[in-house]
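No experiment lies behind these values; they were computed from the predicted model shown. All residue numbers refer to positions in the sequence shown, counting from 1.
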Amino acid sequence: MTAKQPHEGKGPGPIGDDYVVRDPEAFARNMARMLEQIGKAAAAWVEPREKGEVVDSGPLPMSELVTTLSKVSEYWLTDPARAIEAQTNLFAGYMAVWNNSIRRLAGDTDLPPIAPATGDKRFADAEWQNHPFFDFIKQAYLTTARWADDLVDKAEGLDPHTRQKAAFYVRQISNAISPSNFVVTNPELYRETVACNGENLVRGMKMFAEDMAAGHGTLKLRQADYSAFKVGRDMAVTPGKVVAQNDVCQIIQYAPQTETVFKRPLLIVPPWINKFYILDLNPEKSLIAWLVGQGHTVFVVSWVNPSEKQAEKDWQAYIEEGIVFALDTIEAATGQREVNAVGYCVGGTLLGASLAYLKAGGDERIRSATFLTTQIDFTHAGDLKVFVDEAQLKLIERSMDAKGYLDGSQMATAFNMLRSGDLIWPYFVNNYLKGKEPLPFDLLYWNADSTRMPKANHLFYLRNCYLENNLSHGRMEIGGRRLDLSTVDIPIYNLATKEDHIAPARSVYVGSLAFGSDVTFVLTGSGHIAGVVNPPAKQKYQFWTGPSPDIGRSYEDWLLAAAETPGSWWPHWQEWLAPQSGPKVKARKPGGRKLKPIEDAPGSYVKVMA
């Protein structure tokens, strides 16, 4: 058995050479070098705090965690009988694990009392099952994690928001303390560390120090090799021109790829929480390029990466200086007043509010709307609601007071925490413990290219949508206008993704009911990004179509009645969109006769780093 080959037998087997340091002197030297890098990381963390440049107010304040979990503890500890019940359940779980370990040492091969969930990649290495020590550690961890989940689930008297927060926090703690995240309790890491005398930890802690410095005192976890990509060179390369700009956005018009185009232009309103080029990652994945190839004159709002200058830009500003500005630009560039509009994620939420806002003001230039993974109603908004209550809004507001914006890293961290088992800890292990550079990946480059949130805009969004759910209930007011979505009677195509953790499909479905027109609701496979960015050539996933959403039909009922179609939803959308787009006309040059292009797409706003 070599240093890189774990024990493969079915029985427990002794600890072999795989777990014995061969060169203690080299190992000691590398441990010293590792500690040196840890010292550099600590210095990078301390320095901005000593200078007062960093105030620790991340997406998960420790005070919130302690307060929430204390409410769970209170239920179990204030009644001696309940406390004994909780302790007995945990002890019984540990005894089952212990008895299983004893039986295994005696040669018993029965199934363990607890096993990882199907698809749990943390325990894929064979030694988690074959070696008695690591198998015991794994089972003890799983027993503890599931016991903690049960404490939250069975605690009575918790309001729904507190229960949701507690479950989320327990999941974050469980993911963090997994034995797969530590060298001495992860067989793969242990073997690798021994085999190279700890050089992996030296490389990893060097990356850790670099990432701490890059984040100016906050760990900027690298998820991809970012050096392999450049916006405008490797991604966001669909030809076009910036034809207008202001303090809030640039408006991009893409060059035609066909001799004729649909008469009615298409406006895309992306989220300002991320950058628009998720829809234009590369020519093979680009929804924008595909739409241009279908004969659409495509315009995109490229939001500014805000600074102190945009601190007071609220939703009215983003509507008037973003969407209305884009409509005016389209009319000047093409001579067309009527427009089809597309909103993605929070860009769709803004578009939905805009439809009611513009309708109240007599502006009906948007003649159809497509929503991509967009929440209009936030009743079932998922785990992002964990970060929004009165206490946390006050903390967020205080953190934005100094600069006028929320740093992009905080939003990125919040999104990553929704799937910390996939988006945080695997990279922590791979980068800092295995010492391996992450691979180039365009989607994760985009994910790390974060944007700031202007204070007025972000607070309005969190309060009116996540906290008070005002938009779908007709209570949202913008510029003195009360927004009534029931007055919106244009054709609507509403896309949800089945595995979405940001805009859950059930939430998107319920939002369909707020509009005054029949909505074409479509569900696609995969999640918030992959489900949307799914070109037909890939022949991946599937989508479901069914009856129009109705107040008497739940999302679950709709799903039972829906028909499944393999492949991308893009052609289905094009079949819906074409009749909304009018006859074909001669292709249009960016800017037309009235607007002089400012610069090439993707423009300069999207290249500003947070």
Side-chain angles (χ1 to χ4, degrees), residues 6-13 15 19 65 68-69 72-73 76 82-155 163-192 383 416-430 433-434 499 501:
H7 173 71
E8 298 292 347
K10 295 183 179 180
I15 293 180
Y19 301 100
L65 186 148
T68 302
L69 296 186
V72 178
S73 301
W76 292 101
R82 286 199 293 260
I84 292 174
E85 177 190 351
Q87 294 171 27
T88 300
N89 289 339
L90 181 60
F91 183 73
Y94 286 155
M95 286 303 299
V97 171
W98 176 257
N99 289 334
N100 177 73
S101 299
I102 297 298
R103 290 199 309 271
R104 287 201 60 194
L105 289 172
D108 193 339
T109 58
D110 286 346
L111 292 175
I114 190 168
T118 302
D120 191 338
K121 298 177 182 178
R122 295 175 298 177
F123 306 108
D125 189 271
E127 291 287 75
W128 287 111
Q129 175 66 28
N130 295 335
H131 199 286
F133 171 76
F134 296 113
D135 182 48
F136 178 83
I137 292 291
K138 174 193 68 180
Q139 291 189 52
Y141 162 74
L142 293 173
T143 297
T144 307
R146 294 182 191 181
W147 172 80
D149 290 340
D150 284 344
L151 289 185
V152 176
D153 187 55
K154 297 176 181 178
R163 188 183 303 279
Q164 184 181 21
K165 285 200 299 181
F168 180 80
Y169 294 158
V170 166
R171 187 162 66 250
Q172 299 308 312
I173 295 170
S174 296
N175 287 341
I177 65 172
S178 169
S180 58
N181 298 337
F182 302 92
V183 173
V184 296
T185 55
N186 183 327
E188 184 182 4
L189 288 175
Y190 202 127
R191 292 195 307 270
E192 189 160 346
D383 279 339
N416 285 340
M417 287 176 67
L418 296 181
R419 293 173 55 204
S420 61
D422 296 321
L423 295 177
I424 295 178
W425 295 110
Y427 295 100
F428 178 88
V429 171
N430 184 77
L433 301 182
K434 292 183 179 179
E499 300 169 18
H501 61 288

Short side-chain to backbone donor-acceptor contact, Arg82 and Ala155, under 3.5 Å: no
Phe91, CZ atom: more than 12 neighbouring heavy atoms under 6.0 Å: no
Under 3.5 Å: donor-acceptor pair, side chain of Asn100, backbone of Ala96: no
Heavy-atom donor-acceptor pair, Gln172 side chain to Met417 backbone, under 3.5 Å: yes
Set of residues satisfying side-chain contact (heavy atoms from CB on, under 4.5 Å) with respect to Leu423, sequence neighbours excluded: Gln223, Asn416, Arg419
Distance (rounded to the nearest 0.5 Å) between Leu69 CG and Ile173 CD1: 5.0 Å
Nearest-0.5 Å distance that lies between atom NZ in Lys165 and atom OG1 in Thr68: 3.5 Å
For the student: nearest non-hydrogen atoms of Ala115 and Leu142, plus distance: C-CD1, 3.7 Å
With Arg146 via salt bridge (Lys or Arg N to Asp or Glu O under 4.0 Å) - residues at least two apart: none
Counterpart residues, side-chain contact (heavy atoms from CB on, under 4.5 Å), relative to Trp147 (two or more places apart): Ala86, Asn89, Leu90, Leu151
Non-hydrogen atoms of Pro426 and Ser420 that approach each other most closely: CD-O, 3.9 Å
Nearest non-hydrogen partners of Leu433 and Val183, listed with the distance: CD2-CG2, 4.3 Å
Output field: ring centroids Tyr19/Phe134 closer than 6.0 Å: yes
Contacts of type salt bridge (Lys or Arg N to Asp or Glu O under 4.0 Å), residue Lys138, not counting sequence neighbours: Asp135
Set of residues satisfying salt bridge (Lys or Arg N to Asp or Glu O under 4.0 Å) with respect to Glu192, sequence neighbours excluded: none
Verdict with reasoning, Trp76 to Glu85, per side-chain contact (heavy atoms from CB on, under 4.5 Å): CA-CA 9 Å; Trp76 292 101; Glu85 177 190 351; 4.1 Å; yes
Ser180 vs Trp425, side-chain contact (heavy atoms from CB on, under 4.5 Å): CA-CA, chis, key distance, verdict: CA-CA 9 Å; Ser180 58; Trp425 295 110; over 6 Å; no
From CZ (Arg163) to NZ (Lys154), nearest 0.5 Å: 12.0 Å
For Thr144, side chain to side chain donor-acceptor pair (under 3.5 Å) partners two or more places apart: Tyr94
Sequence-distant partners of Tyr427, ring-ring contact (aromatic ring centres under 6.0 Å, His included), two or more places apart: none
Expected output: side-chain Asn130 to main-chain Asp125 donor-acceptor under 3.5 Å: no
Step-by-step side-chain contact (heavy atoms from CB on, under 4.5 Å) determination, Asn181 to Val429: CA-CA 6 Å; Asn181 298 337; Val429 171; 3.6 Å; yes
With Asp120 via side-chain contact (heavy atoms from CB on, under 4.5 Å) - residues at least two apart: Pro116, Arg122, Phe123
Contacts of type ring-ring contact (aromatic ring centres under 6.0 Å, His included), residue Tyr169, not counting sequence neighbours: none
Listed partners of Thr185 passing side-chain contact (heavy atoms from CB on, under 4.5 Å), at least two apart: Ile137, Pro179, Phe182
Residues that Asp150 engages under side chain to side chain donor-acceptor pair (under 3.5 Å), provided they are two or more places apart: none
Separation of Met95 CE from Thr143 OG1 (nearest 0.5 Å): 12.5 Å
Rounded distance [0.5 Å steps], CZ in Phe136 versus OH in Tyr141: 15.5 Å
Pairs flagged by salt bridge (Lys or Arg N to Asp or Glu O under 4.0 Å) wherever residues 171-183 is involved - sequence neighbours left out: Arg171-Asp383
